[in-house]
Chemist: 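Quick one: the structure is below, questions incoming.
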Protein chains: 2
Amino acid sequence: MTGSYVIAEVAARTGLTAHTLRYYERAGLIEPPAREWNGHRRYTEGDLGMITILTKLRATGMPIEGMRRYAALCRQGPGNEAERRALLIEHREQVLSRLDQLQADLAVVDLKIEMYAPATGSGADFGRMEDLCSGAQSSQPLVT
Amino acid sequence: MTGSYVIAEVAARTGLTAHTLRYYERAGLIEPPAREWNGHRRYTEGDLGMITILTKLRATGMPIEGMRRYAALCRQGPGNEAERRALLIEHREQVLSRLDQLQADLAVVDLKIEMYAPATGSGADFGRMEDLCSGAQSSQPLVT
DNA sequence: GCTTGACTTAGAGCGCGCTCGAAGCTGAAG
DNA sequence: CTTCAGCTTCGAGCGCGCTCTAAGTCAAGC
């Protein structure tokens, strides 16, 4: 029947390790799930869903603290959907600008790759590498 | 005369700190630059170019070790352009697949955002959050 | 002459996100 | 009864990429 998983099953389904799941729980990202009589965690389908969305937030670069805040809102129950939404939207904005930056930086790498291209008909001669990237950087924290 | 910078100038232009520049040097990413009589580093225009491309590699998620390998090839001098190119191309592949994954994960977040949308004409009723993300994950290391 | 500030070195410390180890309990299999 | 696998807790350790401290040198300005 749908809806009861021991930690190893959740690990298998979410791609996290059992260790990480416990860590997330300690960190306040996950509701402490119900326990069996012997103390073993029993995760519900809903837990699984929450964990999954958390992994997506993590995968898109949200720091643990942000996840914690989102999880706190969810735990508060209905009524704060606007806040949750705002949190996610702000995160999305950040991801999008990270994506933009990433593509810009990658473009420079691409240019460099072309400079290394074995002599093609296009006659790409070797410019000096420093001509590639002039001007001050964005002085951002170099987030990945 | 273009082409002589003390460390603070390089820091200003690259967005790195002087500390980080020295660290990169220690780590084998940067050629130890020439020194003035008093021991102060003097970076050339070429150094600046190299550092800049390194920051692009870093910004696109290349680990220090990869940068070190690229820098080593560059330091070896001409003749290994194919190798450098291959290294950069492999990196590009990785960045591109990271971008894909990032977009996929972001799409899930977007979906979630829509679920939180204030009641629109489209009548988005609240599905259960776990319906969003079913199935096993990619079990990837959750790279950012 | 003294202070200030930019540089030098070696090496320690930190923040993040896990990751792992040790010791202990339980239930089932041999 | 023994062994094994899988869970439990607590807390330490780790890898990465910086980031900072301390102590020293030198040059210029007041």
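Computed from a predicted model, the values in this text were never measured in an experiment.
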Chemist: Please write out the pairs of protein N or O atoms and N or O atoms of nucleotides 1-8 of chain C separated by less than 3.5 Å, giving the distance to one decimal.
Modeler:
from: C:dT8; atom 1: OP1; to: B:Arg41; atom 2: N; distance (Å): 2.7
from: C:dT8; atom 1: OP1; to: B:Arg41; atom 2: NH1; distance (Å): 2.9
from: C:dT8; atom 1: OP2; to: B:Arg22; atom 2: NE; distance (Å): 3.1
from: C:dT8; atom 1: OP2; to: B:Arg22; atom 2: NH2; distance (Å): 3.2
from: C:dT8; atom 1: OP2; to: B:Arg41; atom 2: NH1; distance (Å): 3.3
from: C:dT8; atom 1: O5'; to: B:Arg41; atom 2: NH1; distance (Å): 3.4
from: C:dT8; atom 1: O3'; to: B:Arg35; atom 2: NH1; distance (Å): 3.4

Chemist: Taking NZ, NE, NH1 and NH2 as the nitrogens, is one of them in B:Glu25 or B:Arg41 under 4.0 Å from a carboxylate oxygen of the other?
Modeler: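 Looking at B:Arg41 together with B:Glu25, the answer is yes, because their closest N to O distance falls below 4.0 Å.
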Chemist: Applying salt bridge (charged side-chain N to carboxylate O under 4.0 Å, His left out), can you list everything that pairs with B:Arg26, at least two apart in sequence or on another chain?
Modeler: none
Chemist: Rounded to the Å, how far apart are A:Tyr5 OH and D:dC7 P?
Modeler: 15 Å
Chemist: Tell me whether the side-chain N/O atoms of B:Tyr24 come closer than 4.0 Å to OP1 or OP2 in D:dC18.
Modeler: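 For D:dC18, OP1 or OP2 has a side-chain N or O of B:Tyr24 closer than 4.0 Å.
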Chemist: What is the distance from CG of A:Leu21 to C1' of D:dT9, rounded to the nearest Å?
Modeler: 16 Å
Chemist: State, without any angle test, whether B:Thr20 and B:Thr17 hold a side-chain donor-acceptor pair at a distance under 3.5 Å.
Modeler: yes
Chemist: For the pair B:Arg84 (side chain) and A:Lys112 (backbone), establish whether a donor and an acceptor sit closer than 3.5 Å, ignoring hydrogens and angles.
Modeler: no
Chemist: So, A:Tyr43 versus A:Glu9: side-chain donor-acceptor pair below 3.5 Å or not?
Modeler: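 Result is no, nothing qualifies.
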Chemist: From the list C:dT19, D:dT19, C:dT26, which nucleotide is the closest neighbour of the side chain of B:Tyr23?
Modeler: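 Taking heavy atoms from C-beta onward, the closest nucleotide is D:dT19.
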Chemist: For the pair made of CZ in B:Arg26 and P in D:dG17, what is the distance, rounded to whole Å?
Modeler: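 In whole Å, D:dG17 P and B:Arg26 CZ are 14 Å from each other.
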Chemist: Rounding to an integer number of Å, can you tell me how far A:Leu54 CG sits from C:dC18 P?
Modeler: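 In whole Å, C:dC18 P lies 11 Å from A:Leu54 CG.
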Chemist: Applying the side-chain contact (heavy atoms from CB on, under 4.5 Å) criterion to B:Met62, which one of B:Arg68, B:Lys56, B:His91 satisfies it?
Modeler: B:His91
Chemist: Return the value, rounded to whole Å, for the distance between atom CE of A:Met67 and atom C1' of C:dC18.
Modeler: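 Nearest whole value for this atom pair: 12 Å.
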Chemist: Quick check on DNA chain D: between B:His19 and B:Ile64, whose nearest nucleotide comes earlier from the 5' end?
Modeler: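 So the residue in question is B:Ile64.
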